[in-house]
2 protein chains.
Amino acid sequence: MKKKVTLKQIARELDVSVSTVSRALADSKEIGENTRRRIQAFAKFLNYKPNNIALSLKNKKTKTIGVLIPEIVHHFFSTVIRGIEIVANERGYNVIVGLSNESFSKEVLNMEMLANGSIDGFILSISKETLLKQDYHHFNETISQGIPIVMFDRVVNEVECDKVIVDDFKGSVKAVKKLVDNGCKHIGLITTMDYVSVGRLRTQGYLRALEESQVYAEPNLILKLDDMVSLEENLDILESEIEHLFKRNPKIDGVFAVNELYAVTAMKVAKKLGYAIPDDLQVIGFTDGVLSKHASPSLTIVSQHGQKIGEKAADLLIDRLEMDDDESDANINENTREEAFETYVIETEIIERESTK
Amino acid sequence: MKKKVTLKQIARELDVSVSTVSRALADSKEIGENTRRRIQAFAKFLNYKPNNIALSLKNKKTKTIGVLIPEIVHHFFSTVIRGIEIVANERGYNVIVGLSNESFSKEVLNMEMLANGSIDGFILSISKETLLKQDYHHFNETISQGIPIVMFDRVVNEVECDKVIVDDFKGSVKAVKKLVDNGCKHIGLITTMDYVSVGRLRTQGYLRALEESQVYAEPNLILKLDDMVSLEENLDILESEIEHLFKRNPKIDGVFAVNELYAVTAMKVAKKLGYAIPDDLQVIGFTDGVLSKHASPSLTIVSQHGQKIGEKAADLLIDRLEMDDDESDANINENTREEAFETYVIETEIIERESTK
DNA sequence: TATCAATACGGAAACGTTTGCGTTAAAAAT
DNA sequence: ATTTTTAACGCAAACGTTTCCGTATTGATA
């Protein structure tokens, strides 16, 4: 087991000082041609690679970004991570992930863990429990320690930072208007409780679309599900809720669902109840998942472009990290600084498949 | 922006030395009761947290494990990561992920990047390109640098390390035997090229099951797909290949597929061709994904238990990391050491759903 | 009263880098 | 021949910790 080679070892072997080795490897003109070549050759021979940890300590930056998400076994989040990873790698950064598992305390713990030097900045999506408690102190404390944050998807006004969101509102409007245009008169909505901002926004989009299309929004057509109880596990509960929605609205001819599971389950229930899709009933889901593509009929969706979200978030964060560098020497007016937080909106796109006409 | 507080600052404020502060915070009896309390109180007041990077440099361990996988937008891999993350967090470790994107060079780059001090050990699954090239030098070099590796799922004999695999062979035997027991006489196999070890093992399991059941293995019933061309994108190619399989085997009454996509696509094609599932044709897939649960009919699967794999891998790695600690003082016989590499097998389980009788 | 042990703390090295500054010797300029 | 410049390198500090070792003060023992 050959241990990692350090500057000191090279210096000792070649009978020069550590600083000479360091400079030689940086190809500094301060070191004589001969010594420089000799050191470089020897270093290459030993396969020397500088120790990242020592560099981090010295430079006070880790070239690592922390990603904090509620759940990783979830198509949307994993596409976001992929996006983050791609640009992070391109720009020389590593990615360290933490899962909050939708829990407030795990979110806080994970942040504290990583904030103590392990990472230069965060990209995160807020856990449901945190949204419910509306306790955002850990975000603000992190920021005030000089660690920038970029939030995506589940964001919140109370925290001042860059944000990347999808146009939940507009996307939903588009989707519901499409259903209207396709002839739907009684469009059901399957959504989550309002404390999840994306659920709320999508619900508002649904209402706005109906309003603009001058279609009466029947309260009975709206099904609000509490996502807290793990519906993934209790599919039957979900199914019976949806079945109830159909039964109390016999004339229903369109469904807009705010996520993939709701949408495909709606199709499943509808088929069981004898609806023909898309002839009797058209369905659109807000998602980007794999279920919709392989469902039968395949599901028309409002695509969220998770990977783009991740890429944009990573670019925003790294831009800010590297901007902070420059700012330290160019002594910039304290006021003109931190103000410029962007909220970047990733456009949604309707991908038409078999569940709509 | 209040910067991070260090021992030095506390020391200066309280007019003691850095070493005293350090000891006081460790609650060392060497420091007088009074000073100790005073320092601890002040540190708590300032919300002092030790700098991880400095600790890493000093202790020569990062408490971070590197996870290298081919792809993250993949249900199996994300469940494995979840498993890793759970036990890593429990045991005080962080997880840093790298994606090889099935590419050899990205795998090598990522390893080198992380091996220079960023992590204490690796958990990884080999990329397809690496398996094809059969070039494993980067793994062996990493190990010989004293950085332990745990491989999961896609493993290889040429590298000596702990491994966590699923019993691909036995699982496949079980699945195919189940089809036989259910009355299938002509069981198709949809699999990948042999260089992916899991594909090969599952193919062997299929053959063995037929052999033991004294069913003739018709070569025509085996469809080997080259996974290199991104089939996810070209669903139509996949579909036509499968359709061809059905058409040249009109008497086919069972299908065993080595992954989820193949299985659900087979069902889709079969339905299109007029097969009733499970009456005319029974299907079993080797997977753990979300498609199978929501397909219609829902798919009977051989479950891989990705999360368990991740948990076991993390435990193995951390065990070895912390074992290495002790070994350094107890000067153990060089020979008796590294030998004890485990290959841990996670049992598969057949989850019966609607695609089988 | 002189010696000793214990108590309570400070100094400094070490982990592996980078970098400002100082030093030496030779070459160039006066 | 003396001074100045320049090339080529070494020393040491710094990043934030921990820990070994040293030391001053106190109280107890001989």
Side-chain angles (χ1 to χ4, degrees), chain A residues 3-40 42-43 46-64 115-120 145-146 325 328-329, chain B residues 3-40 42-43 46-64 115-120 145-146 325 328-329:
Chain A
K3 268 285 157 206
K4 287 248 57 174
V5 27
T6 75
L7 289 187
K8 195 191 289 189
Q9 292 171 30
I10 301 186
R12 200 181 320 123
E13 300 275 338
L14 261 42
D15 212 47
V16 291
S17 81
V18 173
S19 45
T20 301
V21 178
S22 174
R23 275 186 261 254
L25 294 181
D27 214 31
S28 158
K29 300 304 171 199
E30 259 194 285
I31 305 300
E33 184 80 18
N34 285 340
T35 350
R36 222 186 316 151
R37 299 274 169 256
R38 198 163 56 103
I39 293 176
Q40 289 173 354
F42 191 61
L46 290 188
N47 192 29
Y48 168 80
K49 297 276 165 51
N51 180 308
N52 289 330
I53 296 291
L55 286 179
S56 296
L57 185 57
K58 182 112 243 288
N59 301 331
K60 294 179 141 283
K61 60 186 52 150
T62 60
K63 289 274 183 182
T64 301
N116 296 316
S118 302
I119 54 104
D120 295 340
Q145 273 178 28
D325 290 355
S328 16
D329 16 81
Chain B
K3 269 283 155 208
K4 287 247 58 173
V5 27
T6 75
L7 288 187
K8 195 191 288 188
Q9 292 172 29
I10 301 185
R12 199 181 321 123
E13 300 276 338
L14 261 43
D15 211 48
V16 291
S17 80
V18 173
S19 45
T20 303
V21 177
S22 175
R23 275 186 266 252
L25 294 181
D27 214 31
S28 157
K29 299 305 168 199
E30 258 193 286
I31 305 300
E33 184 81 16
N34 285 341
T35 347
R36 224 188 312 155
R37 299 274 169 256
R38 199 165 54 104
I39 294 176
Q40 288 173 353
F42 191 62
L46 290 187
N47 193 26
Y48 167 80
K49 298 275 165 53
N51 180 307
N52 289 331
I53 296 290
L55 285 180
S56 296
L57 185 58
K58 183 112 245 286
N59 301 332
K60 294 178 141 283
K61 61 186 50 149
T62 61
K63 289 273 183 182
T64 301
N116 296 318
S118 302
I119 53 104
D120 294 339
Q145 273 179 27
D325 289 354
S328 20
D329 16 80

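Chain identifiers are assigned alphabetically (A, B, ...) following the order of the sequence lines, protein sequences preceding nucleic acid strands; residue numbering begins at 1 within each chain.
When distances are taken from the side chain of B:Leu55 to each of C:dG16, C:dT19, D:dT18, the shortest belongs to D:dT18.
Side-chain contact, B:Gln40 with B:Arg37: a donor N or O sits under 3.5 Å from an acceptor N or O.
Between the CG atom of B:Asn116 and the C1' atom of C:dT17 there is a distance of 13 Å, rounded to whole Å. The CG-C1' distance, from B:Asp27 to D:dT19, rounds to 17 Å in whole Å. Atom pair A:Ile10:CD1 and C:dT17:C1' shows a separation of 12 Å (rounding to whole Å applied). One interatomic measurement links the two molecules: CZ of B:Arg12 to P of D:dG16, which rounds to 11 Å at whole-angstrom precision. Here the P atom of nucleotide D:dG16 and the CD1 atom of B:Ile53 are 12 Å apart, to the nearest Å. Atom P of nucleotide D:dT17 and atom CG of B:Asn52 are separated by 10 Å, given to the nearest angstrom. Remark: C1' of D:dT18 and CG of A:Leu57 are 13 Å apart, rounded to the nearest angstrom. One atom, CG of A:Leu7, and another, P of C:dT19, lie 12 Å apart when rounded to the nearest Å.
Counting non-hydrogen atoms under 4.0 angstrom, A:Lys58 reaches a base of the nucleic acid. Backbone-only engagement by A:Thr6 is indicated by non-hydrogen atom pairs under 4.0 Å involving sugar-phosphate atoms exclusively.
Checking the phosphate oxygens (OP1, OP2) of C:dT18, a side-chain nitrogen or oxygen of A:Ser22 falls inside 4.0 Å. Phosphate proximity of D:dT17 to B:Lys8: absent, as no side-chain N or O sits under 4.0 Å from OP1 or OP2.
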Show me the protein contacts with nucleotides 7-11 of chain D, counting only N or O atoms at under 3.5 Å.
| residue | atom | partner | partner atom | Å |
| --- | --- | --- | --- | --- |
| D:dC9 | OP1 | A:Thr35 | OG1 | 2.7 |
| D:dC9 | OP2 | A:Gly32 | N | 2.5 |
| D:dC9 | OP2 | A:Thr35 | OG1 | 2.8 |
| D:dC9 | N4 | A:Glu30 | OE2 | 2.6 |
| D:dG10 | OP1 | A:Ser17 | N | 3.3 |
| D:dG10 | OP2 | A:Ser17 | N | 2.9 |
| D:dG10 | OP2 | A:Ser17 | OG | 2.9 |
| D:dG10 | OP2 | A:Thr20 | OG1 | 2.1 |
| D:dG10 | O6 | A:Arg23 | NH2 | 2.8 |
| D:dC11 | N4 | A:Ser19 | OG | 2.8 |
| D:dC11 | N4 | A:Arg23 | NH2 | 3.3 |

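Here the closest non-hydrogen pair linking A:Ala43 and A:Leu25 is CB-CD2, 3.6 Å.
Salt bridge status for B:Arg36 with B:Asp27: present, with a side-chain N to carboxylate O gap under 4.0 Å.
For A:Gln145 (side chain) and B:Lys4 (main-chain N/O), no donor-acceptor pair under 3.5 Å exists by modelled atom type. Panel note: side chain B:Asn116, backbone A:Asn52; no donor-acceptor pair is recorded below 3.5 Å.
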With side-chain contact (heavy atoms from CB on, under 4.5 Å) as the test, would you mind laying out the steps for B:Leu46 and B:Glu13 before giving the verdict?
CA-CA 11 Å; B:Leu46 290 187; B:Glu13 300 276 338; 5.6 Å; no
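The shortest distance between side-chain heavy atoms of A:Asn51 and A:Thr6 does not fall below 4.5 Å.
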